[in-house]
Amino acid sequence: MGSLIPFQDLNLLPESSSLATMAASTSTTTPIAMKIPKLEPKLEPFEEALETTPPPHNLQQLRELEEPQDPFFSTPNPIPNPISNSQLTPFTDQTLTPLSQNSTISTDENNVYSEFHRISELFKTAFAKGLQQYGGDVLVPDPDARAIVPVPEENQVSAAVIVARKRIPRSSELVRVTNLGVEDERYFRSVVRRTRMIFDALRVLSTAEEEKKHGVGNVKRLRGDLRASSVMRDRGLWLNRDKRIVGSIPGVYIGDLFFFRMELCVVGLHGQVQAGIDYVPASQSSNGEPIATSVIVSGGYEDDEDAGDVIIYTGHGGQDKFNKQCVHQKLEGGNLALERSMHYGIEVRVIRGIKFPGSITTKVYVYDGLYRIMDCWFDVGKSGFGVYKYKLVRIEGQAEMGSSILRFAAALRAKPLTMRPVGYLSLDISLQKESLPVLLFNDIDSEQEPLYYDYLPRTVFPPFAFHQSGNGTGCECTTSCADDCFCAMKNGGEFAYDHNGILLRGKPVVFECGPFCRCPPQCRNRVSQNGLKSRLEVFRSRETGWGVRSLDLIHAGAFICEYAGVVLTREQAHIISMNGDNLVYPHRFSDRWAEWGELSQIYSDYVRPSYPPMPPLDFAIDVSKMRNVACYMTHSSTPNVLVQFVLYDHNNLMFPHLMLFAMENIPPLRELSLDYGVAEEWTPKQLSICN
DNA sequence: GTTTCGTCACACAT
DNA sequence: CATGTGTGACGAAA
């Protein structure tokens, strides 16, 4: 056990302060950032992807919309990788500075000191040694070494093997993905979306299975996340295992949210289950040096300082079981890798772990984009032990940080008018008809349209829809519904939701408990009939007219709202549509429910749920005079919201409710989008695109 | 190839 | 509801 070193004394230490000063002056006198090729933002922000889509309530435009469906799902077999001009840039040996052939990583046995003055020795030797051994100048590495040399055409590798077919070990080949076209982006996004849907489906289903087997509450420490990732690893469904990507991961956007570390591994954003620094180890690196690729800022180290764009990040190691520093850190492993990444000007992905009460887990992980390591020094931490510190500075020109959006949204929920003094036209256009307020925001023009319609929280069905059905049947459960209850039977012997109200798997139709059941309103099988769970906001957008976003984070699979309007029969619709009114045809919505919980890549005998069977829907929804928030959602072919048909207040299969559920973890203030489907006349063209 | 080790998880108990 | 603690699975190193 080393003796405690007073924090303030170390700052006075000549060696440390001089070196720190020199390091600091280095970064100011030589404009390092200028010499690094500026990183163009490669990923198109989600909002921009929606730019050309028309407002959903303008159905005429919608029909004219020519947008191919997500090719991944619309064809039965995986399509060939559409990548044409994109490339993976290998980091060849030439891209890194030449080393002396015999250099090794410094793992100085004397790293642990108990005497105060010896810390400075450690600092000098470990650091200077670490740098000098690699042939560079101790404090001013060759600026040219920071440039990533463009790779000649013949060395470029195709990206076709992003999705593997069997379990693959982790590669050590460092690449950076560049020049992705719009189609490439769309493709990779769909791969990531699909992968994450499989992960979530496996995770919630394994929990549900265990509960079924052992009974609710008797399940011991079930780790659905571990189960899901393990199954997916065995099937080779982890992404980006064949290349170690420096920089952005294709298909992962800044602001994307994750609730499990394992999920970060599955998409390849961060490959360490618990460790905060991910890197290519020296033994696998082409030049024998470790290179860091991503870090997680999770608040686990007391010496971290997080100012958003600038992070003082603490290296790993030196902690006891209670996350207390107890020995000095060493310049090895991830610590050395970060230092080497700084030396070569290699950017790192930053993921923040943020405490998030009220979620399914206590923490949420946000991808915050790329940072450059600008500085690195040895310091004494608050507990008096030596720690390595790294100054990470966010690269400019990237989309806004997800973590700051989370923070802003939290403030907005509490004080909307303080945070946005201008633009709110209404703090609740539903006039308390919804369980939570629906805000209306326009800071672009004077349009106020949503104010002028009657707000209709639930769809109005014609009376005969109730009469035609055997609506007097319900379950007899008095406390809580179980898997053997009448309503569970109607759903094929299982409930559609888990105990958090998450939709487990999309179905042709979901039967919820209703007014004819004896169970209480809190019953787990009444998810979509109890109103909003997240605060929604209709907002004016230059690109799409109106759009909808949430002030709350929405979990994947969570209920959002109903798509409400007045139901018209085919005959009524025919008459009304001649006047050019706004009608929505439920049968035209793409069957996105089938993607939710789709596991054909896991089970070869997987078939899309066909029970309970649904007849073709033959009605329209009139949203011209009465509507709710849903009809302001924009269209997308990679939507984050799906339509699930639900019955609860009657059993008439001809007239289900259109309930909207989240297909992804939707960050607050990200635009919600629905696949309204494309008109039939587009089908041939669509096929030609897919083939 | 195999084993050991450490880790900014997670879930549940208290 | 914060803190404690047991089980865990991965990649890296030996």
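To find a chain, count down the sequence lines: A is the first, B the second, and so on, and within it residues start at 1. Here the structure is a predicted model, which means the values were calculated and not measured.
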Sugar-phosphate, base or nothing in reach of [X], heavy atoms under 4.0 Å:
| X | answer |
| --- | --- |
| Thr362(A) | nothing |
| Gly299(A) | base |
| Tyr313(A) | base |

### 5'-most by nearest nucleotide on DNA chain C - Gly271(A) or Gln274(A)
Gln274(A)
### Query
Which residue lies toward the 5' end of DNA chain C, Val273(A) or Pro281(A), if each is placed at its nearest nucleotide?
Val273(A)
Value in whole Å for how far the [atom2] atom of [N] lies from [atom1] of [X]:
| X | N | atom1 | atom2 | answer |
| --- | --- | --- | --- | --- |
| Arg203(A) | dG8(C) | CZ | P | 19 Å |
| Gln319(A) | dA9(B) | CD | P | 11 Å |
| Lys355(A) | dA2(C) | NZ | C1' | 8 Å |
| His270(A) | dA12(C) | NE2 | C1' | 13 Å |
| Phe258(A) | dC8(B) | CZ | P | 19 Å |
| Ile360(A) | dC12(B) | CD1 | C1' | 16 Å |
| Glu332(A) | dA14(C) | CD | C1' | 13 Å |
| Tyr279(A) | dA12(C) | OH | P | 6 Å |

### Query
Considering only heavy atoms and no angle criterion, is a donor-acceptor pair shorter than 3.5 Å present between the side chain of Asp225(A) and the base of dC10(B)?
no
### Sidechain N-carboxylate O distance under 4.0 Å for Glu664(A), Arg193(A)
yes
#### Entry: Geometric cation-pi criterion Arg189(A) and Tyr253(A), 6.0 Å radius, 45° cone
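Yes; both conditions hold, so Arg189(A) lies above the ring face of Tyr253(A).
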### Query
Centre of Phe258(A)'s six-membered ring, under 6.0 Å away, within 45 degrees of the axis: is that where NZ or CZ of Arg196(A) sits?
yes
### Pair Asp552(A), Ser550(A): side-chain N/O donor-acceptor within cut-off below 3.5 Å
no
### Side-chain H-bond candidate by donor/acceptor type, Tyr344(A) with Glu289(A), under 3.5 Å
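On atom types as modelled, these side chains qualify, holding a pair under 3.5 Å.
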### Task
Just name whichever nucleotide pairs with dA2(C), Watson-Crick or G-U, keeping both distances under 3.5 Å, else none.
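dT14(B) - that is the nucleotide pairing with dA2(C), both distances being under 3.5 Å.
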### Query
Does any nucleotide pair with dG8(C) by Watson-Crick or G-U wobble geometry, both distances under 3.5 Å, and what is it?
none
### Task
By nearest nucleotide on DNA chain B, pick out whichever of Ser298(A) and Thr361(A) is the more 5' one.
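Going by which nucleotide is closer to the 5' end, it is Ser298(A).
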## Note on the structure
By nearest-heavy-atom nucleotide on DNA chain B, the more 5' of Gly318(A) and Met262(A) is Gly318(A)
Counting only side-chain nitrogens and oxygens, does [X] get under 4.0 Å of the OP1 or OP2 atom of [N]?
| X | N | answer |
| --- | --- | --- |
| Arg223(A) | dC10(B) | no |
| Arg170(A) | dA12(C) | yes |
| Lys363(A) | dA9(B) | yes |
| Arg241(A) | dG11(C) | yes |

### Task
Apply the test side chain to side chain contact (heavy atoms under 4.5 Å, CB included) to residues Leu205(A) and Leu599(A): give CA-CA distance (whole Å), side-chain angles for both, the deciding distance (0.1 Å), then the verdict.
CA-CA 11 Å; Leu205(A) 285 174; Leu599(A) 290 175; 3.8 Å; yes
Considering only side-chain heavy atoms of [X], which listed nucleotide, [options], is closest?
| X | options | value |
| --- | --- | --- |
| Tyr301(A) | dC8(B), dA11(B), dA12(C) | dC8(B) |
| Leu226(A) | dA9(B), dG8(C), dG11(C) | dG8(C) |
| Arg244(A) | dC8(B), dA12(C), dA11(B) | dA12(C) |
| Gln284(A) | dA9(B), dC10(B), dA12(C) | dA12(C) |
| Ala275(A) | dA9(B), dA11(B), dT7(B) | dT7(B) |

### side chain to side chain contact (heavy atoms under 4.5 Å, CB included) partner of Asn240(A), chosen from Val177(A), Ile245(A), Val252(A)
Ile245(A)
